[in-house]
Amino acid sequence: MDRSDVGALVQSAIDGDAAAWKALVEGLSPLVWSVARAHRLSDADAHEVYQTVWFRFAQHLGRIREPQKAGSWLASTARHESLKVIKGLRRLTPTDDPQLLDRVSEDRTPEQSLLDAEEAAAESERIRHLWQEFEELGDRCRQLLRVLMASPPPSYQEVSAALGIAVGSIGPLRQRCLRRLRARLEARGAE
């Protein structure tokens with residue numbers, strides 16, 4: 001097609017002339033196909049590029065500054081779309097290895113990431129509530145529970161010496177303190 005013919009057809013297509021659009025597609029389709037084929041795309045990928053190019057052309061039809069250069073625009077877009085398809089194909093590695101195909105993906109889905117983030121936020125909130133209620137316990141309970149949480153855990157003799165509590169009272173006092181803490185958390189509505 002002659003450039004001046006292309007320019008006139010583009011202008012007519014912009015004005016809504018369906019026959020002009022059809023003439024453009026018929027006249028410039030071989031150009032789009034040749035660019036896609038030059039990139040050695042499969043039939044399916046070449047069809048994808050062809051459709052995408054014409055879709056983009058229709059989207060931008062009213063914005064083309066030099067209608068007589070529509071062929072250049074189509075060729076450039078076909079090249080760009082072909083390279084995009086090739087780049088996408090590089091990410092795919094065809095294989096017939098069934099063990100590779102049965103592998104569980106180590107990539108986390110967006111849904112799983114969101115669920116994990118929500119779970120972590122809820123856990124963080126539970127821990128914050130636990131420590132708030134812990135701080136509201138009496139001094140004796142806080143001291144005892146902190147000492148018993150040490151790593152490695154101290155023996156009851158060491159606890160007795162550090163806090164001045166009889167060895168036989170440590171277990172029952174620990175149970176009362178934990179019951180109070182549990183009651184405070186349940187009153188707050190925490191798990």
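Rounding to the nearest 0.5 angstrom, the gap separating the CD atom in Gln143 from the SG atom in Cys177 is 10.5 Å.
Using a distance-only test at 3.5 Å, with no hydrogens or angles considered, a donor-acceptor pair links the side chain of Ser12 to the main chain of Ala8. A donor-acceptor pair under 3.5 Å is absent between the side-chain atoms of Thr77 and the main chain of Leu74, judged by distance alone.
Contact check on Glu135 versus Arg146 returns a salt bridge, with a Lys/Arg side-chain nitrogen under 4.0 Å from an Asp/Glu carboxylate oxygen.
Residues passing the side chain to side chain contact (heavy atoms under 4.5 Å, CB included) test with Glu123 are Arg126, Ile127, sequence neighbours excluded. Every side chain to side chain contact (heavy atoms under 4.5 Å, CB included) that His80 has, sequence neighbours left out, goes to Lys84. For Gln132, the side chain to side chain donor-acceptor pair (under 3.5 Å) criterion is met by Arg188, not counting sequence neighbours. Every residue two or more places apart in sequence or in another chain that forms a side chain to side chain contact (heavy atoms under 4.5 Å, CB included) with Gln175 is listed here: Arg179.
Counting only heavy atoms from C-beta outward, the side chains of Leu9 and Asp17 never approach each other to under 4.5 Å. A heavy-atom distance below 4.5 Å is not found between the side chains of Glu81 and Val35. Residues Phe57 and Leu24 have side chains in contact (heavy-atom distance under 4.5 Å, counting atoms from C-beta outward). For the pair Gln11 and Ile14, the minimum side-chain heavy-atom distance is below 4.5 Å. Contact of the Arg180 side chain with the Glu133 side chain is not registered, since no non-hydrogen atoms from C-beta on lie closer than 4.5 Å.
Within 6.0 Å of the CZ atom in Arg182, the count of heavy atoms belonging to other residues, nucleotides or ligands does not exceed 12. The environment of Arg184 atom CZ is dense: over 12 non-hydrogen atoms of other residues, nucleotides or ligands sit within 6.0 angstrom. Heavy atoms from other residues, nucleotides or ligands lying under 6.0 Å from CD of Gln59 number more than 12.
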Report the C-alpha separation of Leu28 and Trp54 in whole Å, then their side-chain angles, then the decisive distance to 0.1 Å, and conclude whether the side chain to side chain contact (heavy atoms under 4.5 Å, CB included) test is met. CA-CA 10 Å; Leu28 295 175; Trp54 284 107; 4.0 Å; yes
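The minimum heavy-atom distance between Ala13 and Ala20, with the atom names listed, is N-CB, 3.8 Å.
Hydrophobic cluster membership differs between Val49 and Leu31, with clusters built from Ile, Leu, Val, Met, Phe, Trp and Tyr side chains linked at under 4.5 angstrom. Hydrophobic cluster membership differs between Val10 and Phe55, with clusters built from Ile, Leu, Val, Met, Phe, Trp and Tyr side chains linked at under 4.5 angstrom.
With side-chain heavy atoms closer than 4.5 Å counting as contact, directly or through intermediates, the hydrophobic cluster containing Tyr156 also holds Leu144, Val147, Leu148, Val159, Leu163, Ile165, Val167, Ile170, Leu173.
Counting only residues at least two apart or in different chains, side-chain hydrogen bond (donor to acceptor under 3.5 Å, both in side chains) contacts with residues 41-52 comprise Ser29-Tyr50, Arg37-Asp43, Ser42-Asp45.
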